[in-house]
Amino acid sequence: MGPGPSDVSPRVLEATARPTIGHLDPAFVRFMEELKRLLRYAFRTENPLTMPISGPGSVGMETCFVNLVEPGDTVIVCVNGVFGGRMQSIVERCGAVAVVVEDDWGRAVDPEKVERALIVHPEARILAFVHAETSTGARSDAKTLIDLAHAHDCLVIVDAVTSLGGIPLEVDGWDIDAVYSGSQKCLSCTPGLSPVSFGSRALEMIKSRKTPIQSWFMDVNLVMGYWGTGQNRSYHHTAPVNALYGLHESLVALSEEGIEESWNRHRKHHLALAAGFEALGLDLVVSEAARLPQLNVVTVPGGIDESRVRNLLLEDFQLEVGAGLGVLAGKVWRIGLMGHSCNLRNVLLCLTGFETVLAREGAAVRVGIAEGAALDAFV
Ligand code: PLP
């Protein structure tokens, strides 16, 4: 129940153990088409340029920026946690100017601040933001931010590493230009793959670049030689065949459940966990309206050693939860309810674990009611 990787289901682990065939084998080529179709289902898009990049979420992030951003461009980057900061760093490494719109950690990106930045910087070509900030548990209003960007002739790059599969994400419905995700969060696959999708405006922007894409590996024109349509694929890099089997299986599981049902499941279990924490007397960092169901951030009570509690949960309950990052280090725990990990058994185990360990550590928690409150909310 950390902030990712989430638990990988046995069926996905079994899929990764299938025989390794060549990444240009005709059977594998057919399989790639199916994998792309399943990714389009998860992203809710018809974009033909939808595929998994071989690498973790950070490589998907970098792929979006290096293809769309040229030296000297202006990019508006929303920073309300660690991953917005990573976007800023990549923009600057592309030789572009990052105009940073900052919000406090734990809060959603403020659309008014974004609008002001778009007005003050008419030269900006791209707006980038994190839909679900895993470092703080805050969800931003993607649709509003995208509409603002388009009204000011900017394209959008959306980080959906933690959102995909866990909360509504509508790549076509919201008109997202470029989006990337990760295999290890709500898709519950093994880490190391980053699904991406590019819309037609983004493709136009890539085609009309004045400068070459500085990365060979992430240049989508070259990647498409392998992942593009048709049987005439050529070698680009040795694709991680077994990891792709796993991603395929996790997407089949998602489509069997139904993506809307998956969003619903995350929401229901989050409400139960939140009710349990509130009954214990613990505070959630993010306001109710901006809370991510798949990543619950809880304030460490005064006088309690954050890392000692995490270690005791791991030793006594075999339960992993995450530490705070950056300005929240030592002050919060980050508790994932992602994909296969998002179930009632985990919600109850988590509450029992915190209740037991915190009571033993001398925190003023209310003992004996959290599980009931969680079940009440769930039912
Ligand atoms: N963006 C967000 C919102 C994330 O949560 C993460 C990882 O946790 C990343 C990007 C980077 O993904 P990875 O660690 O797979 O490179």
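Counting starts at 1 for both ligands and their atoms, following the listed order. Small disclaimer: the values here were computed from a predicted structure and weren't measured.
- Nearest protein heavy-atom neighbour of atom 5 (O) of ligand 1: Thr134 OG1, 2.4 Å.
- Nearest to atom 11 (C) of ligand 1 among the protein's heavy atoms is Ser58 OG, 3.4 Å.
- Ligand 1 is approached by Arg86 to a heavy-atom distance shorter than 4.0 Å.
- When heavy-atom distances to ligand 1 are checked against a 4.0 Å cut-off, Ala132 comes that close only through its backbone atoms N, CA, C and O.
- Proximity to Pro56 (heavy-atom distance under 4.0 Å) selects the following atoms of ligand 1: 13 (P), 15 (O), 16 (O).
- For Arg209 and Asp219, the salt-bridge test fails: no basic side-chain N is under 4.0 Å from an acidic carboxylate O.
- What sits closest to atom 6 (C) of ligand 1 on the protein, heavy atoms only, is Phe83 CE2, 3.3 Å.
- Classified by interplanar angle (parallel below 30°, tilted 30° to 60°, perpendicular above 60°), the ring pair His237/Phe217 is perpendicular.
- In this structure, Gln184 is part of the shell of residues with a heavy atom less than 4.0 angstrom from ligand 1.
- Thr45 and Asp172 share a donor-acceptor pair across their side chains, judged by distance under 3.5 Å alone.
- No N or O atom of Tyr180 sits closer than 3.5 Å to an N or O atom of ligand 1.
- Contact annotation: for Lys185 versus ligand 1, heavy atoms closer than 4.0 Å belong to the side chain alone.
- Here Arg30 does not pair with Glu33 in a salt bridge; the nearest charged N to carboxylate O distance is not below 4.0 Å.
- No side-chain N or O of Thr162 forms a donor-acceptor pair with one of Gln294 less than 3.5 Å apart.
- The residue among Gly4, Gly57, Gly192, Gly81 with a heavy atom at the shortest distance from atom 15 (O) of ligand 1 is Gly57.
- Considering only heavy atoms from C-beta on, Tyr226 stays 4.5 Å or farther from Met51 through its side chain.
- Under the 3.5 Å distance criterion, with hydrogens and angles disregarded, a donor-acceptor pair is assigned to the side chains of Ser163 and His131.
- A side-chain donor-acceptor contact under 3.5 Å links Ser188 and Ser6.
- For ligand 1, the atoms sitting less than 4.0 Å from at least one non-hydrogen atom of Thr162 are 5 (O), numbered in the order shown with element in parentheses.
- Distance from atom 1 (N) of ligand 1 to its nearest protein heavy atom, with residue and atom name: Asp159 OD2, 2.6 Å.
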